[in-house]
Amino acid sequence: MSTDTILSFEEAMEKYDPVLGFEVHVELNTRTKMFSSAPNVFGDEPNTNVNEVDLGMPGVLPVVNRTAVESSIKIGLALNCKIAESCRFARKNYFYPDTPKNFQTSQYDEPIAYDGYLDVELEDGTVFRVEIERAHMEEDAGKLTHMGGATGRIHGADFSLVDYNRAGVPLVEIVTKPIQGAGSRAPELAKAYVAAVREIVKNLGVSDARMERGNVRCDANVSLRPHGRERFGIRSETKNVNSLRAVEHAVRYEIQRHAAVLEAGEPVIQETRHWHEDTRTTTSGRAKSDADDYRYFPEPDLVPVVPSREWVEELRASLPEPPAERRKRLKADWGYSDLEFRDVVNAGVLDEIEETIAAGASASVARKWWMGEIVGRAKAADVDPGQLGVQPATIVELATMVEDGKINNKMASQVLDGVLAGEGTPAEIVEKRGLAVVSDDGPLLEAIDAALAAQPDVADKIRGGKVQAIGAIVGGVMKATRGQADAGRVRELILEKLGVTA
Amino acid sequence: MTEQNTAAESLIRLSAAQLAEKLRAREVTAVEVTRAHLDRIAEVDGGERGVNAFLHVNAGEALAVAAEVDAIRAAGGPEADALHYLAGVPVAVKDLIVTIGQPTTAGSKILEGWHSPYDATVVERLRAAKMPILGKTNLDEFAMGSSTEHSAYGPTRNPWDLNRIPGGSGGGSAAAVAAFEAPLALGTDTGGSIRQPGAVTGTVGVKPTYGSVSRYGAIAMASSLDQIGPVSRTVLDSALLHQVIGGHDDRDSTSLPDPLEDLVAAAKTGNIEGLRIGIIKELHGEGYQAGVENRFNESLDLLREAGAHIVEVSCPNFQYALGAYYLIMPSEASSNLAKFDGVRYGLRVLPEEGPMTIERVMGATRAAGFGDEVKRRIILGTYALSAGYYDAYYGSAQKVRTLVQRDFDAAFTVADVLISPTAPTTAFRLGEKLDDPLAMYLNDVATIPANLAGVPGLSLPGGLADEDGLPVGIQLLAPAREDARLYRVGAVLEALLEAKWGGPLLAQAPSLVELVETAAAPALETQEAK
């Protein structure tokens, strides 16, 4: 699909300094829409959550959703922004059938929140401060589905279907200032920034924050400049990069593409780019220039939003614990080492481990399962760990089975595969697959005798008090029973047999 | 004339207040009242030389509502006692205001046949008061015009002279009331669309304080200027209707939170002793027809005799008001009318040739569905809002708007109410200014400042111009939220003038039935024909 040449990332970094910028759209989970009383619900039958306002019927007027304003202020405060004493909406005029009024009601020069920052923690613990330019309120457009044609885009389609359920859903758009100085960590920072924003809005409870549903959508701006130059290069804007991994990949790809263009002595074109998850490349959208004239003007059907200082302070006082502080607390509660905890954070399974512990697992068991079993599987499936669909209760059930000696760890791992394959609950799978630890001591004792006889020197060591040498005997027994034995019980029996107390 | 005809003829000549009293006294039924007006509409509105005030007549529903009122009143008891004062008094609604059960066209081809799925707030309030809705009245397309000639459904004629315009954009509502087809009507006023038709048809029209009547369901032309208001033959009647439709509405963010002072009581005050009335220096004299000036001065004399202090005020920035208005109004209109694209409702026109893309369907629909004046204003507004021009046009116009507001503020420190002629001339001839948009726009020079400042204005008949025998309007203006002052002064002036004339001005209007049947009216030229 793409014919763009790219430079290797290392070479690009050698010659150029990347500058990033992000526009993250957050869909708020208010009960009703931004300007109408229609329900704000995802996934219903098309065009059912609409009323005359959402459809842009003649004569209708918008009314601002107070809860959406409240959520926007919370987001602004969580991003360390100033909250406007008074701010207006504007109309952004353009003709497109997903926009029922043929203008979008959005804040333009008077955002509700501005001048903030977010401290973003990278994988190695480095903290990078991203300056926030503004967070403003607007309404989402309807959803177009282009039928026929090969690309799923409007060009070449036979016809298009439009669902206005999403039209008027409240959005907060968070815009960063240009992010400089990230260097070769730019792709990593991109991912970490979007993850941090997502974490914040989820933590505030103002958005469902599900990227796969489009609750959090990212437009990534990238430009390059030769090292040492002050002036920014021409930027591209890659639209709708809608997973954390994609954000990282898209920024990386655009850096490589820009570098190749600049190396060839060509000018970078200021344009929007489309992200393709399958090829992990971008393609040219439309050229963006001053020709885009949205004819913004203050929305005359709305009065200014004037959040009282008392209200803002009330909201500030009611904000939940910020994610960074929460991490500090969890690390202490769970007793993980620095390295263990960072691995958990980087693997993106903090929430999952917290939920698993809440469901009854110990901190170490929860970590062992997520980090030891699930993260690897997610990587293989190329999805985020949380998206694999492993329920905390499943892990608790598996861990309990292991603890009770019903199955061993190796089996538990097989059962997890079964759960992920949709074969049923852990108990059902154990039953179906005939997995059970050999707990009849008869065959075990036989195997133990054989193992002790095979390694008499080890047996002597154990008798002599070197209990840690027992692993070799246990290993022999496990081998002989093809892993069906309960290792814990085997250990007990060996010690018993040798007359040693552990 | 049969006895029954005479009875009906006398019913339609009663004011809304008189009808309400007769209904309460059970001297007449609401069905009789409603039927008398429907008969009048049938008699004078249709046909080649009819008034053409109505685009849709809502006979069935109106009679059903009237019958319901009669039944409640006949049954007596608490439900009868709870009936609104105006229950059973019919009303006409400008076709810019959406109604369930009747088409709403906005005078445009682009909405031909469209039925609203919801009622405007003011219509809900008419229904709550059980006022039979006679039908939807004609207007300049999307309320853009001062003569009703820009209606896609043919112009309305002035009942005083069928060859003349009834004003605009609300010519239909004003003509319906002047022609005794309805005792009351609703209009909308963005730059004078209630007051100027009132002036040229010898009726009363009020543009309330911006935000005092909900705009929910009025198809927007310029959101920051539009306001729904009453049209009637007497000042008291307008106060009565204003009170029905006014008050806060959660669905209109610009709606004022608190109710206005009692307007009906204000209309019944009957005394203006010591009140300071300011003549606006810039809104009379040069450019105003002699007959208009004469009637204006006569009203000033009457007010002075009634004990008012007449003072002169200067509003120097009013000279820029028309220019600012013709930037702000089209700017907002260009955006408000963007929704008419053939995608979701209304007319859809497919391009005759070439690819069938959404942009081309929208283009073909708008090209075929909008008339020339609408296109002119959309183009003007799109230009004024464009990057690089915004500050010079829209931005400057907003500054002028602030200056106009300051002029009003200053004037209202020395005067309680301001006064001017409503329009510079009496009704002009159909077609006379159709090809000269600027001349047409100048009709609104005296009415526009009130819209820019959001203050209320009332026009009432001030007599007939000597040179052409056509009605002249007197405009009263008050500070925002002080609509009551307009009714107080208006009712006093009305009483003084009627005492002078020996009855209502409209009693001097020619017999419409004869005119409609015999006048050699020219064939009407519609926009489509041009």
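Quick note on labels: first sequence line is chain A, next is B, and so on, each numbered from 1.
Open room surrounds NZ on B:Lys399; 12 or fewer heavy atoms of other groups in view lie less than 6.0 Å from it. More than 12 heavy atoms of other residues, nucleotides or ligands sit less than 6.0 Å from atom OH of A:Tyr296. Summarising the local packing, NZ of A:Lys143 is surrounded by 12 or fewer heavy atoms from other residues, nucleotides or ligands at distances under 6.0 Å. Within a 6.0 Å sphere centred on CZ of B:Arg251, heavy atoms belonging to other residues, nucleotides or ligands number more than 12. The local environment of CZ in A:Arg309 is crowded, with over 12 non-hydrogen atoms from other residues, nucleotides or ligands closer than 6.0 Å.
Contacts between B:Tyr389 and chain A at a heavy-atom distance below 4.5 Å are absent for every atom of the residue. Residue B:Leu96 does not touch chain A at all, counting heavy-atom pairs closer than 4.5 Å. Interface remark: B:Ser331 contributes backbone atoms only to the contact with chain A (heavy atom separation under 4.5 Å). Of the atoms belonging to A:Asp301, heavy atoms from both backbone and side chain fall under 4.5 Å from chain B. Interface remark: B:Ala120 contributes no atoms to any contact with chain A (heavy atom separation under 4.5 Å). In this structure, chain B has heavy atoms under 4.5 Å from both the backbone and the side chain of A:Phe297.
In terms of heavy atoms, B:Ile358 sits closest to A:Pro97 at CG1-CG, 3.8 Å. Contact detail for B:Tyr216 and A:Val53: the closest heavy-atom pair is OH-CG2, 3.6 Å. Nearest approach of A:Pro58 to B:Val98, heavy atoms of both residues: O-CG1, 3.9 Å. When all heavy atoms of A:Asn102 and B:Ala338 are compared, the pair lying nearest together is ND2-O, 2.8 Å. Contact detail for A:Gly56 and B:Tyr345: the closest heavy-atom pair is O-OH, 2.6 Å. Shortest non-hydrogen contact noted between A:Arg91 and B:Asn336 is NH1-OD1, 2.8 Å.
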Side chain to side chain contact (heavy atoms under 4.5 Å, CB included), that's the test. Do A:Val60 and B:Tyr118 meet it? Break it down for me. CA-CA 10 Å; A:Val60 299; B:Tyr118 75 104; 3.5 Å; yes
Using the rule given for side chain to side chain contact (heavy atoms under 4.5 Å, CB included), can you reason through B:Lys339 versus A:Phe103, listing the C-alpha separation, both sets of side-chain angles and the distance that settles it, and then say yes or no? CA-CA 8 Å; B:Lys339 60 173 66 167; A:Phe103 61 80; 5.7 Å; no
Tell me, with the steps shown, if B:Asp250 and A:Val63 meet side chain to side chain contact (heavy atoms under 4.5 Å, CB included). CA-CA 8 Å; B:Asp250 283 338; A:Val63 177; over 6 Å; no
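With chain B as the partner, the residue from A:Gly59, A:Ser37, A:Pro298 showing the most heavy-atom pairs under 4.5 Å is A:Gly59.
Looking only at side-chain heavy atoms (C-beta outward), B:Tyr390 and A:Arg295 stay at 4.5 Å or farther from each other.
One finds the OG1 atom of B:Thr254 at 7.0 Å from the CG atom of A:Leu61 (value rounded to the nearest 0.5 Å). Once rounded to the nearest 0.5 Å, the distance linking OG of B:Ser335 with NZ of A:Lys101 reads 9.0 Å.
Side-chain atoms of B:Ser253 come within 3.5 Å of backbone atoms of A:Pro62 as a donor-acceptor pair (strictly under, hydrogens ignored). Side chain of A:Asp293 to main chain of B:Ser386: no donor-acceptor pair is present (N/O by atom type, distance under 3.5 Å, no hydrogens or angles). Without hydrogens or angle criteria, B:Arg344 side chain to A:Pro100 main chain gives a donor-acceptor distance under 3.5 Å.
Looking at A:Tyr96 and B:Glu359, their side chains never bring a donor and an acceptor atom within 3.5 Å of each other.
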